[in-house]
Amino acid sequence: MIVEIDRLGTNGEGIFIVPEGEQKGKICFVDFALPGELVDVEIVKSKSNFCVAKLNKIIKYSENREIPICPFFAHCGGCDIQHMKKNFQIDFKKNKVIKTLSKYLNNLDNIKFIRLNDLYYRNKMVFPFCNKNGQACLGMYCKNSHEFVDINYCYLTSENINKILKLSKDFFSKNKFDAFDEKLNKGILKYLVVKEYNNQFLVSIVCTKLINVKDFYKILNSEFSEIGLSLIISNSNDEILTGEYIHLYGLKQLSIEEFGINYNVNILGFLQINNAIKIELYNNVLNEISYNDVVIDAYSGAGLLTAIIAKKAKNVFGIEINSSASKSSKELAKINNLKNAKFINSDVKDVLIDYLQTYKSSVLILDPPRSGCDKKLLNKLIETKNISFLPKKIIYISCNLMTLVRDLEILNKYYDLQNVHALDMFPQTKHVECVSFLNLK
Ligand SMILES: C[S@@+](CC[C@H](N)C(=O)[O-])C[C@H]1O[C@@H](n2cnc3c(N)ncnc32)[C@H](O)[C@@H]1O
């Protein structure tokens, strides 16, 4: 059927109301179609309250449409919105933030949108292996599936990581290694993980058993002087970076110096994906901290943000559940001689209220995973009888608008949302990172 696209959905897909036929009146989602476009579509999935259509042809183009730079766009699952012009991508993300958070803001001008780069921003890539014509091949997965796409370049990452992808594809196709087949639960190579910082590179092969890749390292090292190779022996089909870590050759970790802090990150450690936006994010947080603040950094990861805060605040406590990340943060404090930073290896839900009460902290930073904060913990926090220990400020860093709004709804009882900085950590994708600044009412 031929329809006009009405608006965009939260994932950047076009939306229209089915005008005729059996599905008449239902909301319908169509990937890669833009508002105002006249399109020829075909309904491919129908549920009780919505349907999904496939875009066959664009009859009238939107002025906001861009020709995607990548030939694999729409096949590869890495990008969602390369078909939108830059300013339209920004409007799409900004509107999404406004729509979700406007209920909590007095003035919409208090939402600031920051985009610092368009392409080549990712400092880490995970490429899956797949058997193709009897050879192990590297590429990407399609959207929402493990269907393989044989790509030879990714515009979201650096020239150097793309060079490593090319060298790896050449090596593994010539050397008769068997890729892991998820359906048959058989084979060896699962993923190639590459991480980069300032001309230092870490490469790891996720595989099911020990393999001899000395010649592969020689090839990598002939191109890059500061590079390391490791294996992750994995028996899990769900988690990519779990398993036995075995360092093989060269560099073991990336050495980084930022904000006056020296730190090391290995292939398993957390590093924000977009370096420029990471610096903006940490500066945004730092601007809110003053010299006599006592800060609790809940969900502190490997402690980089906590350490940066320690340089400015009176005292800071980092709470992290992952023991290896917590251990790294303790080392970080030692290397940088940070006497005012303490790290607690615990679940935030078990210790946060005690720490808030004992140390009367003035700022609480929440930087939870996509699933958001523990709902029971937030309820406990705001249902408490004696509210004198509640921090004056909360800075909530979130990569998931849905869980952010769920948590703001609870915090709203005692906290006003003042400003939101929406950071484009992942250009060309539907995702947006938000830093929300809340003040005690
Ligand atoms: C988004 S990362 C934080 C990154 C860190 N703020 C930084 O900038 O480097 C979220 C962290 O929360 C940790 N985490 C998840 N659930 C937790 C919990 N219940 N208690 C404490 N930490 C948790 C994860 O292990 C992860 O390191």
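Just so it is clear, the structure is predicted and the values come from calculations on it, not from any experiment. Counting convention: from 1, in listed order, for ligands and their atoms alike.
At the shortest separation from atom 2 (S) of ligand 1 among protein heavy atoms lies Asp367 O, 3.9 Å. With respect to atom 12 (O) of ligand 1, the closest heavy atom belonging to the protein is Tyr299 CB, 3.4 Å. In terms of protein heavy atoms, atom 22 (N) of ligand 1 is closest to Ile321 N, 3.1 Å.
Ion pairing of Lys124 with Glu196 is absent here, as no side-chain N (NZ or NE/NH1/NH2) approaches a carboxylate O to less than 4.0 Å. Residues Arg115 and Asp424 are paired through a salt bridge, judged by an N-O separation under 4.0 Å between the basic side chain and the carboxylate.
At a heavy-atom distance under 4.0 Å, no atom of Lys349 approaches ligand 1. With a 4.0 Å cut-off on non-hydrogen atoms, Ser346 touches ligand 1 through its backbone and not its side chain. If you look at Leu304 next to ligand 1, there are no close heavy atoms at all, none under 4.0 Å. Only backbone heavy atoms of Ser300 (N, CA, C or O) come within less than 4.0 Å of ligand 1; its side chain stays farther off.
Taking the six-membered ring wherever Trp is involved, the centroid distance between the rings of His421 and Phe437 falls below 6.0 Å. Taking the ring centroids of Phe317 and Tyr359, they lie under the 6.0 Å cut-off.
Contact annotation: Gln272 has at least one heavy atom less than 4.0 Å from an atom of ligand 1. Residue contact annotation: Glu320 has a non-hydrogen atom under 4.0 Å from ligand 1. Using 4.0 Å as the threshold, Pro369 has a heavy atom nearer than that to some atom of ligand 1.
The cationic atom of Lys190 (NZ for Lys, CZ for Arg) lies less than 6.0 Å from the six-membered ring centre of Phe180 and within 45° of the ring axis. Geometrically, Lys314 does not engage Tyr291 in a cation-pi contact defined by less than 6.0 Å to the ring centre and at most 45° from the axis.
The distance from ligand 1 to the heavy atoms of Phe270 drops below 4.0 Å at these ligand atoms: 4 (C), 7 (C), 9 (O). Interface atoms of ligand 1 facing Gly301, defined by a heavy-atom separation under 4.0 Å, are 27 (O). Close approach of ligand 1 to Tyr282 is summarised as follows: ligand atoms under 4.0 Å from at least one heavy atom of the residue are 7 (C), 8 (O), 9 (O).
Which of Leu281, Val348, Ile397 comes nearest to atom 20 (N) of ligand 1 through a heavy atom is settled by distance: it is Val348. When Asp374, Leu305, Asp347, Ile365 are checked for heavy-atom proximity to atom 19 (N) of ligand 1, Asp347 turns out nearest.
The heavy-atom pair separating Thr403 from Arg370 by the smallest distance is OG1-O, 2.9 Å. When all heavy atoms are compared, the tightest approach of Asp80 to Phe73 is O-CZ, 3.6 Å.
In summary, of the residues considered (Leu248, Val203, Leu229), a side chain to side chain contact (heavy atoms under 4.5 Å, CB included) with Tyr217 occurs for Leu229 alone.
Side chain to side chain, Asp181 and Asn131 fail the donor-acceptor criterion of an N or O pair below 3.5 Å.
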